[in-house]
Amino acid sequence: IMDGITEIGEYAFEYFVALEEIVWPDRMRLIQEGAFQGCTSLKKFIVPDDTQLLAAALRDCTALEEVEFGSFKPEGRTDYNTGEWFVGDINLKKFTVSEDNEWWFVRDNVLYRSPYPTSPVELAAYPAADEEKRKEFHIPDYVKTVSKRAFDKAKYLEKLTMSASVTELEWECFTNMIRLKQIEFSENLSEISYACCRGSKKLEKVVFPKAEKFSVDLCAFSETNIDTLVLPINAVYLKVCTYDIMDPFYSFEKIVCYNPKMRIFEQQPEFDYPMTFCANKNSTVQKYVDKYKQDYNIQFEELYPYPIEVS
């Protein structure tokens with residue numbers, strides 16, 4: 001790239017499939033969204049010193065194995081990233097970050113960021129092809145937020161747990177995890193976000209937050225191995241809606257709701273497969289089913305006071 005160029009624009013090198021190496025000019029400052037998306041021959045990417053990398057700049061670089069960050073000082077720059085830095089980089093094994101980088105850091109080969117001195121720490125990306133091939137991972141107690149698509153397509157993880165410090169999960173943060181069987185949410189989490197675990201097809205056990213109350217998006221567990229979703233009494237708000245016409249709900253046969261006053265957000269409910277809502281008689285859940293059962297493929301089943309065993 002010629003000297004004097006300081007910015008790589010959006011999708012500037014998109015699908016340059018033969019690109020294997022990049023030689024940077026002296027004063028690069030910004031790499032915009034999608035700048036190197038789909039560069040499928042690129043195996044190592046070096047973010048130059050003092051350069052800001054925006055979301056999805058390296059999306060679908062399927063041969064990418066290592067990302068190295070140079071030094072960086074924010075110097076009053078605005079942070080407007082939204083996650084998804086390495087989505088589709090299925091062979092990404094390793095992150096390294098300069099000790100002089102004030103924005104990014106790596107611990108145990110996981111990439112974190114804290115854009116400003118007072119900012120909470122965000123888990124930005126877990127390497128999909130983690131060179132340590134860990135089967136379990138615990139999100140540490142200095143993390144507050146898990147970034148959008150941070151664990152997308154992680155190949156080896158079977159169990160994921162998180163510290164009580166985690167209070168925010170961005171959309172789709174644990175999607176398409178090939179071997180994930182169990183996830184234990186932070187006890188202080190107040191919301192399980194849209195499509196949180198969607199497409200993690202072996203997921204069969206979920207430990208919900210212990211917070212006084214939390215909300216859950218039904219699509220959080222679509223396309224998993226969960227056929228009966230049991231929501232505890234502290235689940236107070238259920239989002240039953242679609243943000244995308246392709247959102248599927250077919251992985252559920254039954255949803256058990258122990259909170260008789262659960263509020264249901266009912267924008268655009270779409271159930272393409274038979275589904276049973278199990279709850280107390282005269283509960284808000286029954287009223288919801290009564291309202292939509294003629295239009296959608298849902299039915300109500302009364303929840304009796306004895307425990308329900310879920311295999």
Side-chain angles (χ1 to χ4, degrees), residues 55 81-84 87 112-114 119-126 137-152 154 157 159-177 180 182-200 203 205-224 226 228-244 247-249 251-252 255-270 277 279 283-285 288:
N81 272 308
T82 57
E84 298 187 274
V87 173
Y112 301 90
R113 63 193 295 270
S114 183
S119 297
V121 174
E122 174 185 350
L123 192 158
Y126 185 95
F137 182 75
H138 180 75
I139 299 175
D141 59 7
Y142 46 82
V143 173
K144 179 181 179 181
T145 302
V146 180
S147 179
K148 185 176 182 181
R149 307 293 286 273
F151 287 80
D152 186 68
L157 287 179
K159 181 179 179 180
L160 185 63
T161 59
M162 56 191 79
S163 300
S165 62
V166 178
T167 57
E168 181 183 6
L169 301 178
E170 295 185 355
W171 282 14
E172 304 170 318
C173 47
F174 307 117
T175 50
N176 306 308
M177 297 177 68
L180 185 67
Q182 179 176 341
I183 186 167
E184 298 180 11
F185 290 105
S186 164
E187 62 183 54
N188 291 322
L189 199 64
S190 61
E191 180 181 8
I192 298 176
S193 57
Y194 167 73
C196 178
C197 300
R198 183 169 66 180
S200 296
L203 180 63
K205 182 177 180 180
V206 175
V207 179
F208 286 109
K210 297 178 182 178
E212 182 180 353
K213 56 184 179 180
F214 72 93
S215 65
V216 59
D217 193 308
L218 188 58
C219 195
F221 304 105
S222 61
E223 296 185 276
T224 65
I226 299 171
T228 299
L229 185 65
V230 181
L231 300 176
I233 197 164
N234 60 330
V236 299
Y237 189 46
L238 178 64
K239 296 180 181 180
V240 182
C241 57
T242 55
Y243 298 93
D244 185 321
D247 281 346
F249 293 101
S251 55
F252 302 120
I255 299 172
V256 181
C257 304
Y258 275 94
N259 189 334
K261 297 181 180 180
M262 177 180 284
R263 295 172 57 203
I264 298 180
F265 180 74
E266 53 191 50
Q267 180 184 356
Q268 298 177 311
E270 295 183 10
F277 282 84
S283 63
T284 54
V285 175
Y288 170 80

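In this text the structure is predicted, and so the values were computed from the model without any measurement.
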Inset, instruction - List the steps, then state whether side-chain contact (heavy atoms from CB on, under 4.5 Å) holds for D217 with W171. - result: CA-CA 10 Å; D217 193 308; W171 282 14; over 6 Å; no
Inset, instruction - Might you point out which heavy atoms bring K210 and N234 nearest each other, and give the distance in Å? - result: C-ND2, 3.9 Å
Inset, instruction - Taking all heavy atoms of P260 and all of S283, pick out the closest pair and write down the distance. - result: O-CB, 3.3 Å
Legend entry - Min side-chain heavy-atom separation Y126-L157 under 4.5 Å: yes
Inset, instruction - Starting at CE of M262, measure out to OG of S215 and round the result to the nearest 0.5 Å. - result: 10.0 Å
Inset, instruction - Check F208 against V230 and note the closest heavy-atom contact, atom names and distance. - result: CE1-O, 3.2 Å
Inset, instruction - Could you grab the distance from atom CZ of R263 to atom CG of L238, nearest 0.5 Å is fine? - result: 11.5 Å
Inset, instruction - Decide yes or no on side-chain contact (heavy atoms from CB on, under 4.5 Å) for T145 and E170, but give the supporting numbers first. - result: CA-CA 7 Å; T145 302; E170 295 185 355; 4.0 Å; yes
Legend entry - Ring centroid separation F214 to F185 under 6.0 Å: no
Inset, instruction - For residues F174 and L203, determine if any side-chain heavy atom of one lies less than 4.5 Å from a side-chain heavy atom of the other. - result: no
Inset, instruction - Measure the OG1-CZ distance between T228 and F252 for me, rounded to the nearest 0.5 Å. - result: 10.0 Å
Inset, instruction - Could you please spell out the steps behind the salt bridge (charged side-chain N to carboxylate O under 4.0 Å, His left out) verdict for K144 and E168? - result: CA-CA 6 Å; K144 179 181 179 181; E168 181 183 6; 5.8 Å; no
Inset, instruction - Return the minimal non-hydrogen interatomic distance between N188 and A164, and the atom names on each side. - result: ND2-O, 3.0 Å
Legend entry - Q182 CD to K159 NZ distance, which is reported to the nearest 0.5 Å: 4.5 Å
Inset, instruction - Output all residues satisfying salt bridge (charged side-chain N to carboxylate O under 4.0 Å, His left out) with E187, sequence neighbours left out; order by chain, then residue number. - result: none
Inset, instruction - Would you mind reporting whether C173 and C196 have side-chain heavy atoms less than 4.5 Å apart? - result: yes
Legend entry - Minimal non-hydrogen separation, S163 against P140, with atom names: OG-C, 3.2 Å
Legend entry - Listed partners of N176 passing side-chain hydrogen bond (donor to acceptor under 3.5 Å, both in side chains), at least two apart: D152
Legend entry - salt bridge (charged side-chain N to carboxylate O under 4.0 Å, His left out) partners for K205, two or more places apart: none
Inset, instruction - Find the distance between CZ (F221) and CD1 (I192) and round it off to the nearest 0.5 Å. - result: 4.5 Å
Legend entry - Student check: side-chain heavy atoms of L218 and L229 closer than 4.5 Å: yes
Legend entry - Minimal non-hydrogen separation, K239 against E191, with atom names: NZ-OE2, 2.9 Å
Inset, instruction - Decide yes or no for N259 and L231: does some side-chain heavy atom of the first lie under 4.5 Å from some side-chain heavy atom of the second? - result: no
Inset, instruction - To the nearest 0.5 angstrom, please state how far the OG atom of S165 sits from the CG atom of D141. - result: 5.5 Å
Legend entry - Working for side-chain contact (heavy atoms from CB on, under 4.5 Å), residues V207 and T161: CA-CA 9 Å; V207 179; T161 59; over 6 Å; no
